[in-house]
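Remarks on the structure that follows.
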Amino acid sequence: MKYFEIFDCEHAVKDPMVCETNLEDLKINKRIFRICKEFTGSENIKFYAELKEDDGTPDDFLQNTEMVPIFSPRMREAIEEAGITGIQYIPIEVEHYNKEKLEGYCIANVLNSVSDALDIDKSIFWNSKSDNGKLLLYIPSIKSEKVPDSIDIFRLKYDERIENDYSTFIVVSERFKSIIAKNKFTGIGFSKNRAE
C-alpha cells in the first residue's frame with residue numbers, strides 16, 4: 001500500500017480562516033495531540049480568528065497557528081462513514097472574528113502509532129543534531145510493509161536515535177487520500193512516501 005504525509009494549508013480556499021487558540025491559557029501543550037494517547041481533558045478548547053484579516057472562509061482541514069489537526073464536520077463524517085478508525089474526535093469551539101460560532105469542528109487526535117516503519121537509510125535528516133546528540137528528522141521515508149493494512153492514519157513511533165518519541169506529522173493511506181480527493185476537502189495536501 002502507498003502512504004502519504006499530510007500537509008496542512010494545501011488546496012486552501014481563496015481567503016482562508018486562520019485561527020489562534022486558547023490552548024496556552026488552558027495550560028495544554030499542543031504536543032499532547034502528537035503522542036497517540038487519548039485526550040481526557042474537559043477544558044473548553046477554542047480556536048478563533050483573532051484578527052479581522054484572518055477571518056476568511058474556514059477550510060475542511062482548519063488552518064491554525066499551532067498546526068493542530070482540525071476536521072470540519074463534513075470531513076469527519078466522510079472519514080467515519082469510510083470506516084477509518086484510530087482517531088479521537090475532540091469537540092472544540094470555532095469562532096469568526098465577530099464571535100459567530102462554527103458548529104461541529106473537532107481536533108483529530110490520531111491514536112494509531114506504528115513502530116519500526118521508519119526507513120533510516122532513505123529518510124533525510126537535518127545536518128545538525130539535537131542538544132542531546134539525537135537525530136533531527138527532516139523528511140521521513142516509510143517502510144510500507146511494516147504498516148498493518150488495517151491502519152489508514154497514524155504517526156510514526158521512533159526509536160532512541162531520533163529526538164522525538166513520535167512524529168510531528170501524520171501519515172495516511174492511499175484510501176484515506178482518495179476520500180479527501182473524492183470529496184474535494186480543502187486545506188489539506190499530501191506528500192508521497194520517499195521509499196516508493
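Side chains are part of it too, since the values below use all heavy atoms of this structure and drop only hydrogens, waters and symmetry mates.
Applying the side-chain contact (heavy atoms from CB on, under 4.5 Å) rule to K46 yields the partners N22, N44, Y48, E93; only residues at least two apart in sequence or on another chain are considered. Residues meeting the side-chain contact (heavy atoms from CB on, under 4.5 Å) test with H96, sequence neighbours left out: M17, D55, P58, N98, E100, L102. Listed by chain and residue number, nothing satisfies the ring-ring contact (aromatic ring centres under 6.0 Å, His included) test with Y89 (two or more places apart in sequence, or in another chain).
Under a hydrophobic-cluster definition in which Ile, Leu, Val, Met, Phe, Trp and Tyr are linked whenever side-chain heavy atoms come within less than 4.5 Å, directly or via other members, I28 and I92 are assigned to the same cluster. Note: the hydrophobic cluster containing V171 also contains F125 (ILVMFWY, side chain heavy atoms under 4.5 Å, direct or indirect links). Residue F190 is grouped with residue I87 when hydrophobic side chains (ILVMFWY) are merged at heavy-atom distances under 4.5 angstrom, including chains of intermediate members. Under a hydrophobic clustering in which Ile, Leu, Val, Met, Phe, Trp and Tyr are joined whenever their side-chain heavy atoms come within less than 4.5 Å, directly or via other members, I6 and F185 fall into the same cluster. Grouping the Ile, Leu, Val, Met, Phe, Trp and Tyr side chains by contacts below 4.5 angstrom, directly or via other members, places I179 with I153.
Residues F39 and N109 share a closest heavy-atom pair of N-ND2, 3.6 Å. Between A117 and V147 the shortest heavy-atom distance is CB-CG2, 4.3 Å. Across every non-hydrogen atom of C19 and F47, the tightest pair is CB-CB, 3.9 Å.
More than 12 heavy-atom neighbours from other residues, nucleotides or ligands sit within 6.0 angstrom of CG on N132. Crowding of I32 atom CD1: a count of heavy atoms from other residues, nucleotides or ligands under 6.0 Å not exceeding 12. Annotation for K146: atom NZ does not count as buried by contact number, only 12 or fewer foreign heavy atoms lying within 6.0 Å.
In this structure, OG on S113 lies 7.0 Å from NZ on K157, to the nearest 0.5 angstrom. Once rounded to the nearest 0.5 Å, the distance linking CD1 of I139 with NZ of K122 reads 15.0 Å.
Residue pairs meeting the ring pair (Phe, Tyr, Trp, His ring centres under 6.0 Å) criterion with at least one member in residues 149-181, sequence neighbours excluded, are Y3-F154. Within the structure, salt bridge (charged side-chain N to carboxylate O under 4.0 Å, His left out) pairs that include any residue of residues 104-118 do not occur (at least two apart or interchain).
Checking side-chain atoms of S167 against main-chain N and O of L156 turns up a donor-acceptor pair under 3.5 Å. Judged by distance alone, with hydrogens and angles left aside, the side-chain atoms of R161 form no donor-acceptor pair with the main-chain N or O of L135 at under 3.5 Å. A side-chain donor-acceptor contact under 3.5 Å links D59 to the backbone of V13.
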Contacts under 3.5 angstrom, residues 64-85 side chains, donor-acceptor by atom type, not counting sequence neighbours:
residue	atom	partner	partner atom	Å
N64	OD1	E66	N	3.3
N64	OD1	M67	N	2.9
N64	OD1	V68	N	3.0
N64	ND2	L62	O	3.1
N64	ND2	V68	O	2.8
S72	OG	D60	OD1	2.8
S72	OG	M75	N	3.2
R74	NE	D60	OD1	3.0
R74	NH2	D60	OD2	3.1
R76	NE	E80	OE1	3.4
R76	NE	E80	OE2	3.4

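The pair D119-K143 does not meet the salt-bridge criterion, since no charged nitrogen lies less than 4.0 angstrom from a carboxylate oxygen.
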